[in-house]
S.K.: 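Before I ask anything, let me first share the structure, which is written out below as structure tokens.
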There are 2 protein chains.
Amino acid sequence: MKFRSIQPQRKRLADEVYAQLVAAIMRREIGPEDRLVQEKLAADMQISRTPVREALMRLEQEGVLEVSTRGSFKLYNMDAQEVRELYQSRAAVEGQCARILAVNHTEEDIAYLRSKVKKEEAVSENTARAYFEANRNIHRAFVEVAGNRFLLDMFDMIWGKAMAFCLFAEIENVDLKKSLGDHMQLVDVIESGDKTATLEKFIDHIQDGFDLQMEGLDSGS
Amino acid sequence: MKFRSIQPQRKRLADEVYAQLVAAIMRREIGPEDRLVQEKLAADMQISRTPVREALMRLEQEGVLEVSTRGSFKLYNMDAQEVRELYQSRAAVEGQCARILAVNHTEEDIAYLRSKVKKEEAVSENTARAYFEANRNIHRAFVEVAGNRFLLDMFDMIWGKAMAFCLFAEIENVDLKKSLGDHMQLVDVIESGDKTATLEKFIDHIQDGFDLQMEGLDSGS
DNA sequence: TCTCTGCATACTGTATACAATATGCAAACA
DNA sequence: TGTTTGCATATTGTATACAGTATGCAGAGA
């Protein structure tokens, strides 16, 4: 007999709610002005408030949402200083992964990263959202290959916040391709095995992203 | 008229439960064998299951607890590989803070850090717990002064996991003072302003901590 | 007209009831 | 005796009822 084990991977409704909220934020259906009300969301999804509440509180803890009027939630609104800090934290996480990879990588790792970069850089859509996704996928690949679950968690936390804060819209007016073309060099420097050079290269790359972001913010305002 | 504003800083019972659980873990009243049951905890604290549940799920999300038999929770049990990864993530966060501090610090920052290190290194109790606390306070001070809220959050997450996993007991048999005496040098290298040297110094320091930890684990088993 | 007070309303947080699921044990069967 | 089945129990996840708190508006008083 051969039966596949049945894995109800989503036991908790709260996880489903969480996923739906994240998706809605990504699709920009939830804007900075919207107030997220437990009862309303529960009614829309046709479930009780309890799981909705759990998902909202989780997003609050992750810094994606913040308490709004009457105790309901809204998107946390990031200022320029926080954007800077977020980039600094990216540098911390991704820089360390780069160091790890420089010292500790196989030929397969390099090949995998090259193919990943190639695939993602060939993004067809020319929207900020598509750019964001491709960029995230590439950077996440480095962290995945580095093989440290804590750093991967931090990566997701950081990018989750970026996703939430409408950091996309503001860069519509920047040449999206400019930054997306540099990733192959990152693989090259990892292959060199020089951990300090690799770290610096990654940090510079992230700094470039930050500069582009700021440029976008300036011209956008 | 002068009235102090009344700030019910803990609106949610869940926060109180969370704090109590963390404290209990720190006091080692909750061991790796204990199973945390919502109903039982609720009864002990004389509140309903709802806030207990929220606190437990938060600790689960943070990686402090994991699902145990019958869906209840127990302390997440870390293996040696994960301990290594945790140290790597510490290096990421604290190394980046060190870089930031090297480039960007005032005389007051340096003076504050020196006084903090001096004060904490003078820890009187000779227990693993006291050592852990002092060490954490010192390292947290660096991150605080670096002034990046995301890195501070990550720091707390990392040290929260360390706290939970009984990483103290295993180092009882190591000379606790050995590592605690090195912190003033960290301030010195920050003062030098060399960001690469500072990063390397911090990473080496954390690596030393890891080596001590491993030594403790080996001799303990 | 402007300010203040009080009430209606909109929410949340907490308790509790209910349904579903996993686990272990005991009894039935080979 | 060993294996399987079914039931009792433990424990969760979800829904819902209730109570408390914040907010805005309407009406009274200056």
Side-chain angles (χ1 to χ4, degrees), chain A residues 1 3-22 24 30-77, chain B residues 1 3-22 24 30-77:
Chain A
M1 278 185 300
F3 288 107
R4 220 179 312 239
S5 87
I6 296 167
Q7 297 280 28
Q9 61 274 66
R10 277 238 171 85
K11 207 163 68 182
R12 288 172 183 154
L13 280 180
D15 294 334
E16 178 64 30
V17 176
Y18 178 90
Q20 283 210 36
L21 287 172
V22 167
I30 296 173
E33 303 307 319
D34 289 316
R35 286 175 47 251
L36 300 171
V37 174
Q38 295 178 4
E39 241 166 319
K40 172 119 190 357
L41 292 170
D44 287 354
M45 299 185 190
Q46 306 192 54
I47 55 173
S48 85
R49 266 176 47 217
T50 311
V52 174
R53 186 162 193 284
E54 275 164 15
L56 288 173
M57 289 183 40
R58 192 162 140 205
L59 286 163
E60 184 203 13
Q61 201 203 328
E62 287 175 3
V64 176
L65 300 179
E66 69 184 328
V67 176
S68 167
T69 169
R70 276 183 171 88
S72 64
F73 291 98
K74 65 174 170 61
L75 287 185
Y76 181 85
N77 213 342
Chain B
M1 278 185 300
F3 289 105
R4 222 178 311 238
S5 88
I6 297 167
Q7 297 279 30
Q9 60 276 66
R10 279 236 171 88
K11 207 163 67 181
R12 287 171 184 156
L13 280 180
D15 294 334
E16 178 64 28
V17 176
Y18 178 90
Q20 283 209 35
L21 287 173
V22 167
I30 297 173
E33 303 307 319
D34 290 316
R35 285 175 48 253
L36 299 171
V37 174
Q38 295 178 6
E39 237 166 322
K40 172 120 191 355
L41 292 169
D44 288 353
M45 299 185 190
Q46 305 191 53
I47 56 173
S48 85
R49 265 175 50 215
T50 311
V52 173
R53 183 162 198 286
E54 275 165 15
L56 287 173
M57 289 185 39
R58 192 163 140 202
L59 286 163
E60 184 204 12
Q61 201 203 329
E62 287 175 2
V64 176
L65 300 179
E66 68 183 328
V67 175
S68 166
T69 170
R70 278 184 170 89
S72 64
F73 291 99
K74 66 175 172 58
L75 287 184
Y76 181 85
N77 213 341

S.K.: Salt-bridge test for B:R35 and B:E66: reply yes if a basic N is under 4.0 Å from a carboxylate O, no otherwise.
M.R.: no
S.K.: Please give, in whole Å, the distance from D:dG13 C1' to B:L56 CG?
M.R.: 13 Å
S.K.: Rounded to whole Å, how long is the line connecting atom CD of B:E39 with atom C1' of C:dT21?
M.R.: 15 Å
S.K.: Pair B:L41, B:L56 - check side chain to side chain contact (heavy atoms under 4.5 Å, CB included), show working.
M.R.: CA-CA 10 Å; B:L41 292 169; B:L56 287 173; 4.1 Å; yes
S.K.: For B:L41 and D:dA10, what is the distance between atoms CG and C1' respectively, to the nearest whole Å?
M.R.: 15 Å
S.K.: Find the distance A:L65:CG to C:dT12:P and express it as a whole number of Å.
M.R.: 12 Å
S.K.: Atom CD of A:E16 and atom CG of A:L21: how far apart are they, to the nearest 0.5 Å?
M.R.: 10.0 Å
S.K.: Return the 5'-most residue of the pair A:S68, B:T69 with respect to DNA chain D, ranking by each residue's nearest nucleotide.
M.R.: B:T69
S.K.: Roughly, in whole Å, what's the span from NZ in A:K40 to C1' in C:dT12?
M.R.: 17 Å
S.K.: What verdict does the side chain to side chain contact (heavy atoms under 4.5 Å, CB included) test give for B:V67 and B:E60, after you've listed the backbone C-alpha separation in whole Å, the side-chain angles of each residue and the deciding distance to 0.1 Å?
M.R.: CA-CA 8 Å; B:V67 175; B:E60 184 204 12; 3.4 Å; yes
S.K.: Inspect the contact between B:E39 and B:R49 and indicate whether a charged nitrogen and a carboxylate oxygen are less than 4.0 angstrom apart.
M.R.: no
S.K.: Indicate for each nucleotide in nucleotides 14-20 of chain C, in 5' to 3' sequence, whether protein heavy atoms under 4.0 Å reach the base (B), only the sugar-phosphate (S), or nothing (-).
M.R.: BBBB---
S.K.: Name all residues meeting the side-chain contact (heavy atoms from CB on, under 4.5 Å) criterion together with B:R58; count only those two or more places apart in sequence or in a different chain, and write none if there are none.
M.R.: A:Q61, B:D15, B:Y18, B:E62
S.K.: Round to a whole Å and report the spacing from CD of A:E16 to C1' of D:dT14.
M.R.: 15 Å
S.K.: Just N and O in the side chain of A:Q38: are any of them under 4.0 Å from OP1 or OP2 of C:dG13?
M.R.: yes
